[in-house]
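Take a look at the structure set out below.
All values below were derived from every heavy atom in this structure, side-chain atoms included, with hydrogens, water molecules and symmetry-related copies excluded. Please read all numbers here as calculations on a predicted model, not as lab measurements. Just so you know, ligand 1 is whichever comes first in the structure, and atom 1 is the first atom listed for that ligand.
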Amino acid sequence: MKKLFFILAPLFCLNGQVQMDYYLNDMSQYNSSIPTPESVIGHKVGEFHVSHDKLSHYVQELSKSSKRVKLIERGKTYENRTSWLMIITSESNQSNLEEIRQQHLRLSDSKNIDIDTSSMPIVVYQGFSVHGDEPSGSNASLLLMYHLLASDSNETKELLDNTIILLDPSFNPDGLQRFSQWANMNKNQSLNPDPSDREYNQYWPRGRTNHYWFDLNRDMLPNQLPETNAKIETFTEWMPNILTDHHEMGTNSSFFFQPGVPERKNPLISDLNQALTKEIGTYHEDALNKIGSLYYSEESYDDFFFGKASTYPDANGSIGILFEQGSSRGHIQESDNGILTFPFTIKNQLTTAFSTLNAAKNMRVKLLNYMKDFHDNQVELSSKPNENIVFGKQKDKSTVFHLAKVLKSHKIKFNTLSQDVKLNGTTYSKNNSYIIPLNQPKRTLIRAMFDTQTTFNDSLFYDVSAWTFPLAFNVNYSMTNGLSKSSVEKIKSNEVDILENIVGSVDKKSEYAYIFEPHDYYAQAAVYELLKKGLRVKTATRTFAINGENFDFGTYMVSVQNQSLDSDEIYKLLVEVSSKTGINVKSQSTGITDGIDLGSNNFEIVKEPKIGLIVGEGVRSYDAGEIWHLLDTRFNIPITKLDVSDLSYIDLSRYTHIILPDYSEGYQYQSTGGSINKDQINEYIEDGGNLIAYRNSVKWVSSNLSKVDFHTNEITADDVTFSERQSFFGAQQTGGAIFNSIIDKSHPVNFGIESNTLPLFRNSNVYMTKSEQSFNNPIVYSSNPLMSGYISEENLSLLKKATPFKVIRSGKGKILLMTDNTNFRAFWFGTNRILLNMLFHSNIM
Ligand SMILES: [Zn+2]
């Protein structure tokens with residue numbers, strides 16, 4: 001009978017409608033007082049794509065109807081949508097939920113070694129559609145929630161007695177809303193499976209990402225975005241035993257469940273973890289067999305990058321599981337597996353959501369014990385060497401704060417320093433450093449953030465091959481292995497309970513001038529506020545000293561006389577701005593210094609940037625979104641988003657800077673004819689504009705504006721078979737690795753960087769040749785540049801000869817080229833300064 005449903009499903013669906021019994025087996029024991037999805041959202045599940053607004057409505061109505069659920073609002077997205085969490089369990093468990101949670105958390109606190117797990121409920125976190133245009137998950141969640149609250153079968157009751165279900169119906173509310181609008185607005189009443197229909201071909205930036213075009217399924221470890229903040233909060237508050245993440249993949253694929261490719265497993269993940277993942281997989285196997293659905297496992301995807309929701313749990317004594325369903329991407333589409341209907345994709349997701357719960361019920365004690373044993377192993381009770389990581393910076397407090405905030409959000413414990421300490425030649429000041437003991441339950445998670453890796457079993461990666469946090473934040477870090485246990489105890493002060501925001505100050509009012517160094521992450525947020533108020537700000541192109549205190553390249557100076565504000569107003573403004581941005585401003589009563597004086601021509605003017613950001617077809621939306629997010633949310637600098645297809649109608653002369661994020665003509669997803677008119681951009685630059693071109697845009701510049709010389713990888717296949725060709729090409733991809741560079745601190749592009757070296761994140765294969773003049777190569781890769789991650793030998797040898805940054809003068813303007821990504825995924829704090837310097841100091845480059 002069930003097989004019949006599967007075969008006939010496409011026929012039913014051609015009319016766009018299936019009944020609930022297509023999805024749910026035995027509906028005889030459903031409580032009629034629980035509202036069905038259709039009674040609230042106004043259509044059958046699968047008939048239209050549910051919008052987040054309607055889903056929110058249903059979640060709220062459901063929670064009013066049943067005592068099995070507790071609804072939690074965990075914050076808002078950038079578009080002000082709610083990140084909901086439904087905690088679903090039996091009525092009796094609901095009545096002592098907090099007690100159950102506290103008891104469950106003891107499993108991950110290794111001091112409690114005697115816990116009886118035999119009668120404890122298991123905790124399962126089920127999340128859906130983190131990619132907005134992979135909607136079958138969220139649509140399936142409507143039925144899952146309904147079933148769990150409405151079913152009065154013994155099976156459901158037994159499940160709820162033994163399970164706490166943390167159900168997040170939409171990991172990406174803004175993306176789900178965006179895609180549902182697209183799919184519904186293009187839906188035909190007579191459903192049309194032709195893949196060329198507009199319904200299946202979204203326009204830029206598509207529905208995958210969140211408001212600022214981030215891939216939310218890369219943010220679990222960095223935890224920089226509000227949607228992830230909600231997820232991590234739930235995860236750390238509950239420490240679930242299983243987390244499932246329901247996605248979609250290409251239309252011609254069937255269904256995938258983890259484990260992924262065994263050879264690509266992160267070395268921090270145990271074989272036992274993968275064996276348990278595989279055992280849970282047998283439940284999906286059974287359930288999918290029963291409905292006649294094709295699937296596969298272990299042949300693609302991987303558990304390598306902990307930024308993904310299905311891998312993060314594996315560093316926490318939990319099991320993360322990725323599901324990927326072939327996407328109908330609209331309501332019905334032709335595929336290699338026949339006509340693929342939206343209801344069928346929903347049914348597969350629902351089926352594996354149920355098989356997950358079934359596995360959890362049957363493997364409950366095993367998984368609870370696994371979590372306990374995992375955390376027991378994190379802490380060494382023996383007298384082994386006392387391992388700790390110390391990290392910090394000399395001056396930039398905001399960046400250290402942001403890294404500490406990430407640790408705090410994952411409930412990693414760390415302490416302040418009681419005194420300054422020197423480790424491996426680096427001095428850590430007690431005012432701006434922390435010490436993390438590795439001997440704590442989060443040991444593996446800490447290592448997932450701080451370890452580097454340069455050798456690998458496999459040269460293929462589903463995502464980046466490196467993300468080492470202290471390198472991304474460009475903070476100093478050292479192990480304390482060289483110290484005795486007692487010296488470590490001496491430098492370790494209190495554990496950090498509450499992390500205080502960084503507040504800056506002005507030392508006193510001046511009638512002459514104020515100066516502040518450029519090192520703090522937010523220095524240019526302060527500068528921008530001052531420029532916006534019409535103040536004249538200058539920057540030092542030489543170092544100098546005052547009363548023995550040194551001031552670095554790029555130090556900012558605001559003189560008091562001849563400004564648009566009087567001295568009282570300037571003081572008031574600086575007090576306000578410094579408090580907000582964390583910078584410390586020093587007042588000066590004389591223009592004389594040891595070195596350049598405050599009236600010197602070596603103080604150069606800083607101009608307020610007016611920024612245009614090119615977006616649209618051909619531009620990689622992730623890169624554009626990273627820049628938009630950085631300037632808009634962290635620096636409060638408005639940017640104008642200029643769409644490629646509108647560009648020819650726009651007067652570019654009102655922008656001092658135009659940023660071209662990673663751009664290629666003939667981009668793989670390009671579906672409209674928009675392309676950039678090179679004459680227009682050339683004219684803009686000749687007239688004095690600044691073009692900032694990132695990554696592949698450098699190649700576009702070379703072909704269209706000004707020739708750039710490149711080193712290229714000429715490797716040809718030798719002894720590579722036809723079936724190996726993908727691995728051969730894949731091995732030459734630089735999917736994301738970290739390289740060390742040596743910087744010329746006197747060049748304005750490097751102003752404010754404390755260190756003499758700078759770790760760079762590179763996810764491209766564009767290798768510009770160096771300039772003949774050394775002073776035109778302010779950033780060069782070090783002789784042994786690979787710090788962490790994978791790069792092929794061939795590419796590494798090109799990289800060593802290349803430069804990531806170049807300035808080309810053209811007419812009255814400039815082209816600034818950067819092949820590496822300085823703004824990666826909102827957590828590469830260490831190189832954001834490079835973009836800010838291009839915007840604030842291009843006039844002196
Ligand atoms: Zn996905």
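Around the Zn ion (ligand 1), protein N, O or S atoms at less than 2.8 Å comprise H131 ND1, E134 OE1, E134 OE2, H247 ND1.
Judged purely by distance below 3.5 Å, without hydrogens or angles, the side chains of D303 and N266 never pair a donor atom with an acceptor atom. Side-chain contact check for S136 and E248: at least one donor-acceptor pair (N or O, by modelled atom type) lies under 3.5 Å. Side-chain atoms of Q732 and S792 include a donor-acceptor pair closer than 3.5 Å.
For E73, the side-chain contact (heavy atoms from CB on, under 4.5 Å) test picks out K76, T82, W84, with sequence neighbours left out.
Panel note: side chain N139, backbone G46; no donor-acceptor pair is recorded below 3.5 Å.
For the pair R329 and F179, the cation does not sit on the ring face, since its NZ or CZ is not both under 6.0 Å from the ring centre and inside 45° of the axis.
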